[in-house]
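Here is the structure we will look at, set down as structure tokens.
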Number of protein chains: 8
Amino acid sequence: MEVREILKQVKTGEMSVKEAEQYLRREPFEEMGYAKLDVHRKLRSGFAEVVFCSGKADEHLLHIYQKLYEEEGEVFGTRASKEQYELIRTVLPQIEYDAISRILKLEKKGKKRVGKIAVCTAGTADIPVAEEAAQTAEYFGSNVERIYDVGVSGIHRLMSRLDIIQSANCVVAVAGMEGALASVLGGLVDKPVIAVPTSVGYGANLNGLSALLTMINSCANGIAVVNIDNGYGAGYIATQINRLGVKR
Amino acid sequence: MEVREILKQVKTGEMSVKEAEQYLRREPFEEMGYAKLDVHRKLRSGFAEVVFCSGKADEHLLHIYQKLYEEEGEVFGTRASKEQYELIRTVLPQIEYDAISRILKLEKKGKKRVGKIAVCTAGTADIPVAEEAAQTAEYFGSNVERIYDVGVSGIHRLMSRLDIIQSANCVVAVAGMEGALASVLGGLVDKPVIAVPTSVGYGANLNGLSALLTMINSCANGIAVVNIDNGYGAGYIATQINRLGVKR
Amino acid sequence: MEVREILKQVKTGEMSVKEAEQYLRREPFEEMGYAKLDVHRKLRSGFAEVVFCSGKADEHLLHIYQKLYEEEGEVFGTRASKEQYELIRTVLPQIEYDAISRILKLEKKGKKRVGKIAVCTAGTADIPVAEEAAQTAEYFGSNVERIYDVGVSGIHRLMSRLDIIQSANCVVAVAGMEGALASVLGGLVDKPVIAVPTSVGYGANLNGLSALLTMINSCANGIAVVNIDNGYGAGYIATQINRLGVKR
Amino acid sequence: MEVREILKQVKTGEMSVKEAEQYLRREPFEEMGYAKLDVHRKLRSGFAEVVFCSGKADEHLLHIYQKLYEEEGEVFGTRASKEQYELIRTVLPQIEYDAISRILKLEKKGKKRVGKIAVCTAGTADIPVAEEAAQTAEYFGSNVERIYDVGVSGIHRLMSRLDIIQSANCVVAVAGMEGALASVLGGLVDKPVIAVPTSVGYGANLNGLSALLTMINSCANGIAVVNIDNGYGAGYIATQINRLGVKR
Amino acid sequence: MEVREILKQVKTGEMSVKEAEQYLRREPFEEMGYAKLDVHRKLRSGFAEVVFCSGKADEHLLHIYQKLYEEEGEVFGTRASKEQYELIRTVLPQIEYDAISRILKLEKKGKKRVGKIAVCTAGTADIPVAEEAAQTAEYFGSNVERIYDVGVSGIHRLMSRLDIIQSANCVVAVAGMEGALASVLGGLVDKPVIAVPTSVGYGANLNGLSALLTMINSCANGIAVVNIDNGYGAGYIATQINRLGVKR
Amino acid sequence: MEVREILKQVKTGEMSVKEAEQYLRREPFEEMGYAKLDVHRKLRSGFAEVVFCSGKADEHLLHIYQKLYEEEGEVFGTRASKEQYELIRTVLPQIEYDAISRILKLEKKGKKRVGKIAVCTAGTADIPVAEEAAQTAEYFGSNVERIYDVGVSGIHRLMSRLDIIQSANCVVAVAGMEGALASVLGGLVDKPVIAVPTSVGYGANLNGLSALLTMINSCANGIAVVNIDNGYGAGYIATQINRLGVKR
Amino acid sequence: MEVREILKQVKTGEMSVKEAEQYLRREPFEEMGYAKLDVHRKLRSGFAEVVFCSGKADEHLLHIYQKLYEEEGEVFGTRASKEQYELIRTVLPQIEYDAISRILKLEKKGKKRVGKIAVCTAGTADIPVAEEAAQTAEYFGSNVERIYDVGVSGIHRLMSRLDIIQSANCVVAVAGMEGALASVLGGLVDKPVIAVPTSVGYGANLNGLSALLTMINSCANGIAVVNIDNGYGAGYIATQINRLGVKR
Amino acid sequence: MEVREILKQVKTGEMSVKEAEQYLRREPFEEMGYAKLDVHRKLRSGFAEVVFCSGKADEHLLHIYQKLYEEEGEVFGTRASKEQYELIRTVLPQIEYDAISRILKLEKKGKKRVGKIAVCTAGTADIPVAEEAAQTAEYFGSNVERIYDVGVSGIHRLMSRLDIIQSANCVVAVAGMEGALASVLGGLVDKPVIAVPTSVGYGANLNGLSALLTMINSCANGIAVVNIDNGYGAGYIATQINRLGVKR
């Protein structure tokens, strides 16, 4: 029963105050329709549901893509394989697949983008994660500047692009191996830096754990870290920050 | 030599174009006075130099506190001991020490604060770290709401304060032990959550590493993590985010 | 020789007291037929032998399935592959295989189930482990309620199902990534919570170790943890607890 | 405002249905007085609030002990130091301190205990943790059998006490070093075994992590694990299980 | 009741076969007096009980030393502090304390030693652990050759003592830092090498874990490893091996 | 040049004392023919060269097998694949391959075996490692008793075989998962126990590291540990110990 | 705009001093053409760009190989697969591939090599990494002596080659398993030793981490360590050191 | 007996060729006086024995300082405490103690220094380790430039000192926290960089392990790493490299 209905019945006397009180105490969520509101909030705030494709069963994935496309007019998935692209294409022929970022999407035309996020990588091998971040941020309505291959072993390449980086509301620093890029950026900009360690490297990189530790221990101010290879998470929080910067 | 001076000499012919070119190439930074500019930038952006007191030699600390107070009219240090407070008090009698957050500061009167940051803790033992974050953010000019002891083992306490939390530009989630607070907050607010793992706990908490891993692996969106017990770092980046939300 | 036989011979004088004493001291187990008693105890207590299929050689597996089916009239195996299903089907055509839980079983009809266990998962990716737990508990005679996809990033979904969860004798909390579900459940129910970390996630999830640490460090009361992905172990101990709750 | 009050106003027309609906949606918890109900539930179920003394400030601890004693007529704290005992004694002269378990309590006389929990230790050095578990369980109303120093390097000592152990509703296995006791017990009893790794040992024991890993990886059935040295947690969940076994 | 008594009663008909059978099944160990036999076995085999002093309560330690001295005419403890020495000296004035190995003992005069064990250390800082091993082995009746400070960074020092090392029945290799000594010894002798990692070192030595890993991964044959700093354990197993070498 | 030759030339005056001195200082090993002596020592002591097949190039492996067979009349390799067996069979048709232990060997007929080694496993999944140990020990001339599937979760199975185990000169304890078998054996026998952790298990077994830590931390005496899955190493050192026990 | 141009305009008055100052401050790097200078520096110093082939997309790799060959007349890549060799051969038929070191190169004829680097391995399985180091050093112009299979379990093999090793300007020590070779070499030579841990081994070798820890903790002087399996890095720094030794 | 003496006796016939041969084979090192030669080699090469003071017993330390001072006319120790300084001062009144680097030395006057080593630190807290490196290098005869507090969070400070750094034969990069300094330096100089991780930091710095991992994983060329806080080791190998650069 809906809250509104209960209240109406209290008003008309169909339900006693005591009965209503008990009802409301026992199931505060269900009848308030939170689950539905949740969807509404997402649409309203611009963070539509995103699909984590990896490991999803075929029929499950098909169903989700179709349902989301129906409800929202667009659909966006991460960590998709080429096989999953072929699968979804059978029902959504306009779907687009980017083999580098592994993003599988069908985006509305003419969406407006606001503000600016700078997505930087240390090396070229970090680009797949960076693209996941950049395209996620773009899907959620942020302008993105890509500044790739500006790692600390060639610090001048980074310096020459500093103007662009400093003009963003938020900087995403994507780096594997020793992950020092985040610290250098933190020392050069006065906006939040979201650091994304990647699993790029070998040996003692411990599949990205070394870069994660580097970033968590950064001596620079204004840095916070997301999970290894989590481009999506970085694009999401960078968008939240970017929106704050463009409000009004 | 200052860049301006070089240019003047080029203009007057005292220095040839070739000489000036060589000079500029060789030491692009020194003569540009970056170190000084850096100080200026900090004052301008509101992020004055902060002192990490722990481990500093007495005479060193005295000197820094005096110098910063002279230059900026206020001074703010973290991780200070009671002994360091007694020391600084001999030269700056108005200095204030908070034994819980271990912050040792002398702040200008009448500073304006803007926006809102919500600082939440899972338990009471996390409060020292939370206070380091909150007071750092306040020093840098943010309004702070403290919502303490709202950990997931008593989820209703958190729920009852949700309105306040949701109205902030940025949420700081401070938690030790299993660190689940950040995930719950991430699912309830649509602003960035800065997660601070604390070393509170024992046994397999690995001095905070467990809470750090929990937060890095969060299934919720919009969460980024700083170092264990790094309240200062959280207060800093939360302020950066908060400022974006109040700009103009 | 059986203990009974020894005692009979002592009684009849066929064996001297001293001989009997030596015999009993030297091999306290073998002749007492412990190995057999063990099987009896299992049948009696309702915990029949279960097969861990993964890694077993084909002929070995065939033999075990046939022998257990003969002796107990039913047989239950975990971590079975599709190939193993095809194999066993050649000799036990009625065998059933569930591709999600990877359980391969032939269960007696009409078995009575008692009490109630609530099996909860944080996400849909945790369902395979949850099903291993749920079906194990059912095989051992417990009623199971499945409450899936109620992770902490959408806490209201969990809240709306709380009544059902609170009515169980034991709650099984299955979660990967940051594993915070167990703590939330521990704060909401007053029955034992058996936490099962899963290897769901990536990067710093360390193949489930992060979720394990989260659960072991839980700030909530009444939580104990089994191995990563060990749905079987959770179903087993949950059944032991459930039986205590329905005794008499 | 109370729910009841809102409903009354709806009934009398003082508040419109729409206003009431909004109000109820916004603060579902606060006015329901959950925090108080929580306390009631605890008293009812027999799990009164317990104090984790370690690290608490003196005045804080004094206040908590006094308040809990007033409200509940008894008070129970873990991880208390001798200094804290001296402190509390100044206001609660009847308080009792056990230097081994570090429990500081004032318990009601004549409390009834039910069922049976067997608390076993591998060595004598594990006894402090075992006593924390045993006395916690006793405080919560369970009968406890102590079976100490029955580690696997002298397996016959354990065997000779098996009858007592097998008659309990729940077994708590406390062990440091290699922690093998839990596996042996798991193979000998058909009731749940709650394993408590301790930090007893040195070198590669990694402050209890080795024992924790041993227990989590146990090849025996019916074992679940709590945090290192977490006697309190084991006593708590063992009591939950024991209560199920004595119900009605 | 003794087994003998039961059997006698069966013979005389005082006890039925069935009663006896039940009795024997239920308590196979207790009445066999294993605990006492155990003590006998130890005395017989030469491995008397040894006291791990560290962490023992004063009255406990006093009692153990007195009891063991009474029963065995000698007593041997490891990891003793100077304070514990002063304590024991009050009741056993002849007790001897070695501040380097931290062994606190009162040994019978004129005990015969057999065979040969070579105890080698990499550096001088490893000597405390080596002495624990050497004196343990001597207490248990082995001849010990000490070859100290022959680490791999000065390999010639080791080479010049090779004859002595090769003549032993067992070699104990004690090394911290990188722990390479065990591998070198394993390549030079054809007797078992018991490797003891020590916590000597700093930084990435991880309190001895690095040396432990080195030794466990040794490319040489005939090496097995005990716990970090476990000189006692090495002395014990080396004595077991040495005795095999001198049998008959 | 041989040492003998140098000395002769010194004697005859062909080489001056000074020249000889320099020569001897510079190359103390080469001309002493150590490399050859090494081979001789191995043949003499019965530890012939053994081949670690895994990862060896085909032509390399062929060459080694042929050369060792020529020189020693037999050849023994570990960690061989089925493909390597097919390869070697083309040149040594009598070669034998055991798919469980992955041993590829051609052994001399009628070799005498001495003494006794007991090889025990916790479960059936540990048998491949145990067979590597057992067959290695047999190849090197030891009698081996196999006692498999006697893990601690069914301790009576172990007890019933205790007589055989106690009669061995050395016990090899092979166990994965929690690895508690070694501790139990260490408490039951008075001969050295060589513990072999295996990678059997899943989740928090950390590919055998958990079992390794369990064994290293064992509270029982007389245990030393080799690398994870290192059956060969255990068989080697067990043979060294066994030989000491049968000498003369 | 070029610096020279700016200066000229200042001289001629076309640009004011203030304008020039601002310009120079803002983009200190870009117009200085660092990227180009960088290339020049590399050519000059003999460290041409090297390609890390692993993971590169086919068209990317083709382009890089062609471009580098055009610019430098030679090209050198590491971690190349056989497939990549086939690919590059289609456009650079003279390309050479070494399947052991996985180096794919086309080197100028008649390059001069200077000085001497000794590259040593513990076992034959370490040779691929050693060859990456050796061939890298040769490509960069160093003479290299290969001393393979001289691990510490057969220390005499190492001793017999000591003269050659001691005559090098730098020693590269390549070892997996326990990695003790570096320490032994460090004790025997007075030149820098660059230690390269390899992932050779199994079980507790932790994919090379154990060898890395061994080398980092070395008790010998004059040792520094590069990443696991990083032959290229060792060859690079060894060449830097070797060049210092041959200067002038 | 000296080798020379043996050879003389062979020449004169006092010793037969066979006797001499046996003697030389058996003790190749002892009678060659390696230990003494070793001392000689050190004096010759400039690497005199250095004392690691930490943990040394008082009388031991006194003896070593006196002996080294007698033999070499100077003495140098690291990791000395203030108490040890007071101790040594009683016998060597001219001894000097530096409380920052904890170096306790008495150095010859007028020693010549050659070449140049640049010692850089990321922060001021890294200076103690840097001074250990710098003073070690100076003691061994290298000129040292100190460039402190040039960490990556203020990259321009580093840039402004680049000329000096680039003119050194070897660069020592000392950094804690995230340790990124080494990578930045590696990208800016063409000489070897010896990276020293320090334990400076807190939380997830894991006592320096994070910085160590950062440095080992560096994406820059020409970097090798020593142990955490191992300033001495860095000063030693940097001197070896520096000497190569100044040879002749």
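This one's a predicted model, so the numbers in the text were calculated from it and none came from an experiment. Every chain is numbered from 1, with letters handed out A, B, ... down the list of sequences.
Atom CD1 of residue I223(C) and atom CD1 of residue I237(D) lie 8.0 Å apart, to the nearest 0.5 angstrom. In this structure, N169(D) CG and I241(C) CD1 are separated by 11.0 Å, a value rounded to the nearest 0.5 Å. A distance of 10.5 Å separates OG1 in T239(D) from CG in N221(C), rounded to the nearest 0.5 Å. With rounding to the nearest 0.5 Å, the separation of CD1 in I216(C) from CG in L209(D) is 9.5 Å.
Interface remark: V50(D) contributes no atoms to any contact with chain C (heavy atom separation under 4.5 Å). The contact between Y232(D) and chain C is made entirely by side chain atoms (from C-beta outward), counting heavy-atom distances below 4.5 Å.
In this structure, R102(C) has no side chain to side chain donor-acceptor pair (under 3.5 Å) partners at least two apart in sequence or on a different chain. By the salt bridge (charged side-chain N to carboxylate O under 4.0 Å, His left out) test, E145(D) pairs with no residue at all, sequence neighbours left out.
Interface summary for chain C: among V225(D), N217(D), L212(D), the most heavy-atom pairs under 4.5 angstrom belong to V225(D).
Annotation: side chain of L244(C) is in contact with side chain of P192(D) (closest heavy-atom distance under 4.5 Å).
For NZ of K111(D), the number of neighbouring non-hydrogen atoms (other residues, nucleotides, ligands) closer than 6.0 Å is greater than 12.
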